[in-house]
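Structure first, then comments.
What you see is a predicted model, and the numbers here were worked out from it, not measured in a lab.
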Amino acid sequence: MQQHHIDTSSGPALVDVLAAQSERAKTLKEMAERSRYFYEDVVVSDEMKVHFTDEVKPVLRDVAAAWKNLPVFDKASIHQVLVDAAEKSGLKLGKIAQPIRVAMTGGTVSPSIDITVALIGRDRAVERLLRVC
């Protein structure tokens, strides 16, 4: 991470990021490059903004509000909010999860969305989600 000039002082523990990324990266260099979004702000490119449709934006706002009010912000609670939002909106979970992944990471690839969001943390996750809708 230091070689990629990533300041890990304000984010999740490296051991947790390593565990989350271990199945998706083949080298430590690749893992470091793909982990920047855990520690730095994300810019969503114009190309990625196609994921934030008028249909999904209100659902994302509801997800952000629910995350903000969770008594415990962990993988299971985050996942349940997503399941509830999918049921309430009538959208499939993937139709909600992919825009959330883009909002969290700036791209379409990450560890499971609930783990990714948990590692990013409540305040950053809510802020990133609200920024796109």
Side-chain angles (χ1 to χ4, degrees):
M1 298 296 259
Q2 288 175 341
Q3 290 176 357
H4 291 277
H5 307 288
I6 300 171
D7 179 4
T8 60
S9 64
S10 62
L14 278 174
V15 68
D16 295 334
V17 171
L18 287 170
Q21 294 280 40
S22 64
E23 294 178 15
R24 300 199 179 267
K26 293 179 181 156
T27 66
L28 289 175
K29 179 181 178 182
E30 182 181 2
M31 188 178 294
E33 290 168 353
R34 292 184 178 184
S35 298
R36 188 174 294 277
Y37 57 81
F38 288 114
Y39 303 99
E40 298 175 358
D41 276 339
V42 171
V43 176
V44 176
S45 69
D46 288 340
E47 177 182 298
M48 289 288 128
K49 289 180 182 176
V50 299
H51 293 278
F52 309 115
T53 64
D54 290 340
E55 177 185 40
V56 81
K57 284 181 180 182
V59 179
L60 300 181
R61 284 190 290 272
D62 289 347
V63 167
W67 285 349
K68 192 173 183 178
N69 294 314
L70 282 175
V72 177
F73 196 74
D74 63 5
K75 177 186 172 197
S77 300
I78 291 162
H79 183 76
Q80 190 59 53
V81 166
L82 298 180
V83 169
D84 293 347
E87 287 177 9
K88 181 180 173 187
S89 68
L91 297 173
K92 293 189 181 221
L93 190 56
K95 188 99 169 161
I96 297 168
Q98 194 66 339
I100 291 172
R101 179 172 282 109
V102 171
M104 295 301 118
T105 70
T108 57
V109 178
S110 76
S112 72
I113 195 58
D114 45 11
I115 291 171
T116 299
V117 171
L119 289 173
I120 287 171
R122 181 191 318 255
D123 293 341
R124 280 183 171 167
V126 168
E127 188 273 325
R128 288 179 187 183
L129 206 49
L130 292 176
R131 190 182 324 145
V132 298
C133 44

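One distance of note links CG of L91 with OG1 of T53; it measures 8.0 Å at 0.5 Å rounding. With values rounded to the nearest 0.5 angstrom, L70 atom CG is found 7.0 Å from I78 atom CD1. The structure places CD of Q98 at 15.0 Å from NZ of K92, a figure rounded to the nearest 0.5 Å. Rounding to the nearest 0.5 Å gives a distance of 12.0 Å between CD1 of I115 and CD1 of I120.
Atom NZ of K57 sits in a crowded spot, with more than 12 heavy atoms from other residues, nucleotides or ligands closer than 6.0 Å. Residue-environment remark: CG (L28) stays at or below the threshold of 12 foreign heavy atoms within 6.0 Å.
Scanning both residues, G94 and P99, for their nearest heavy atoms gives O-CD, 4.2 Å. For A125 against F73, the heavy-atom pair with the smallest separation is CB-CZ, 4.3 Å. Taking every heavy atom of both residues into account, S89 and I96 meet most closely at OG-CD1, 4.0 Å. Across L129 and V132, no two heavy atoms sit closer than the pair O-CG2, 3.1 Å. Closest of all the heavy-atom pairs between V63 and A85 is CG2-CB, 3.6 Å. Scanning all heavy atoms of the two residues, the minimum distance from S110 to R101 falls at OG-NE, 2.7 Å.
Every residue meeting the salt bridge (charged side-chain N to carboxylate O under 4.0 Å, His left out) condition with R131, not counting sequence neighbours, appears here in chain and number order: E127. E30 meets the salt bridge (charged side-chain N to carboxylate O under 4.0 Å, His left out) test with R34; sequence neighbours excluded.
Proximity of L82 to I100: side-chain heavy atoms (C-beta onward) are separated by under 4.5 Å at one or more points. The shortest distance between side-chain heavy atoms of V44 and H51 does not fall below 4.5 Å. Two residues are said to be in side-chain contact when any heavy atoms from C-beta on lie closer than 4.5 Å; M48 and T108 meet this criterion. Using a 4.5 Å cut-off on side-chain heavy atoms (C-beta onward), V42 and T105 make no contact.
Hydrophobic cluster membership differs between L18 and M1, with clusters built from Ile, Leu, Val, Met, Phe, Trp and Tyr side chains linked at under 4.5 angstrom. Note on M31 and L14: separate hydrophobic clusters, where clusters join Ile, Leu, Val, Met, Phe, Trp and Tyr whose side-chain heavy atoms are under 4.5 Å apart, directly or indirectly.
Counting only distance, with no hydrogens or angles, the side chain of R122 and the backbone of W67 share a donor-acceptor pair below 3.5 Å. With hydrogens and angles ignored, the 3.5 Å screen pairs a side-chain donor or acceptor of S77 with a backbone N or O of V72. Put simply, the side chain of R124 gets close to the backbone of F38: a donor and an acceptor are under 3.5 Å apart. A donor-acceptor contact shorter than 3.5 Å links the side chain of R128 to the backbone of M104.
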>> Using the rule given for side chain to side chain contact (heavy atoms under 4.5 Å, CB included), can you reason through K75 versus H79, listing the C-alpha separation, both sets of side-chain angles and the distance that settles it, and then say yes or no?
In response: CA-CA 6 Å; K75 177 186 172 197; H79 183 76; 5.5 Å; no
>> Working note: S35 + I6, criterion side chain to side chain contact (heavy atoms under 4.5 Å, CB included); need CA distance, chi angles, decisive distance, verdict.
In response: CA-CA 9 Å; S35 298; I6 300 171; 5.8 Å; no
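A donor-acceptor contact closer than 3.5 angstrom is absent between the side chains of R24 and Q21.
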